[in-house]
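The chains referred to below are lettered A, B, ... by the order of the sequence lines, with proteins before strands, and numbering in each begins at 1.
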Amino acid sequence: MAYWLFKSEPDVFSIDDLKARGSTGEPWDGVRNYQARNMLRDQMRIGDAVLFYHSNCAVPGVVGLAQIASGPYPDATAFDPQAHYFDSKSDPANPRWYLVKVRYIRHLANPIPLSEIKTHAAGPLADLPLVRRGNRLSVMPVTPTQWDYILRLEHP
DNA sequence: GCCAACGTTGGC
DNA sequence: GCCAACGTTGGC
């Protein structure tokens, strides 16, 4: 089983929104970055564990846990001219963009702010893309070591 | 294939 | 709201 971190803007889709989806989960559509697409399409599997991260907000940080709730399948919003994420170059016969579903597990007892995570950026979290300069991946891999380390920060 | 222009991300 | 960093686009 693999570990991931998913960013989401809480004003658009928060951990509470994910909770409200229940066991159905949420199709993680709109990813339009090839590096992220490759991870979604080629590496994510049902049951993989997810750190749910709030970005672009007052206190960015990890706020909850989730899991991958479907295998990868084509992102149909790319085929819909009315959709915000429409991409005329994604051919239904050869889809360019993929998604997986994500399902809520739980809130963290204490959210872990990015500022806290960054204080460990010189140590075990040095290779976490989240703390690397200029990183903009909305979906990124987390190693088992990083996962354990981050979750220990939940209970200071 | 180069690279300038542009749009987006996301912390602050 | 600012702006650094980055990915993508498209002219040449």
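One N or O on the side chain of Glu154(A) and one on the backbone of Ala109(A) form a donor-acceptor pair closer than 3.5 Å.
Every residue two or more places apart in sequence or in another chain was checked for a side chain to side chain donor-acceptor pair (under 3.5 Å) with Tyr85(A), and none qualifies.
In this structure, Tyr98(A) is not a member of the same hydrophobic cluster as Val102(A), with clusters built from ILVMFWY side-chain heavy atoms closer than 4.5 Å.
At a threshold of 4.5 Å between non-hydrogen side-chain atoms, the residues Leu130(A) and Tyr53(A) count as touching. Residues Gln146(A) and Asp127(A) have side chains in contact (heavy-atom distance under 4.5 Å, counting atoms from C-beta outward). Counting only heavy atoms from C-beta outward, the side chains of Pro60(A) and His54(A) never approach each other to under 4.5 Å. A 4.5 Å side-chain heavy-atom check between Leu51(A) and Trp147(A) finds at least one atom pair inside the cut-off.
Contacts of residues 122-135 of chain A with DNA chain C (heavy atom under 4.0 Å): Arg133(A), Gly134(A). Contacts with DNA chain B (heavy atom under 4.0 Å) in residues 53-62 of chain A: Tyr53(A), Ser55(A), Asn56(A), Pro60(A), listed by number.
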Distance-only donor-acceptor hits, side chain of residues 37-46 of chain A, under 3.5 Å, sequence neighbours excluded:
| unit_1 | atom_1 | unit_2 | atom_2 | d |
| --- | --- | --- | --- | --- |
| Arg37(A) | NH1 | Arg96(A) | O | 2.7 |
| Asn38(A) | ND2 | Tyr34(A) | O | 3.3 |
| Arg45(A) | NH2 | Asp42(A) | O | 3.3 |

When the side chains of residues 112-126 of chain A are checked against the rest of the protein, which donor-acceptor pairs come out under 3.5 Å, sequence neighbours left out?
| unit_1 | atom_1 | unit_2 | atom_2 | d |
| --- | --- | --- | --- | --- |
| Glu116(A) | OE2 | His120(A) | NE2 | 3.2 |
| Thr119(A) | OG1 | Glu116(A) | O | 2.6 |
| His120(A) | ND1 | Tyr149(A) | OH | 2.6 |

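Bounding nucleotides for the chain A contact on DNA chain C, 5' to 3', at a heavy-atom distance below 4.0 Å, are dA5(C) to dT9(C).
Taking the six-membered ring where the residue is Trp, Trp28(A) and Phe52(A) present perpendicular rings, their angle passing 60° and hence far from 30°.
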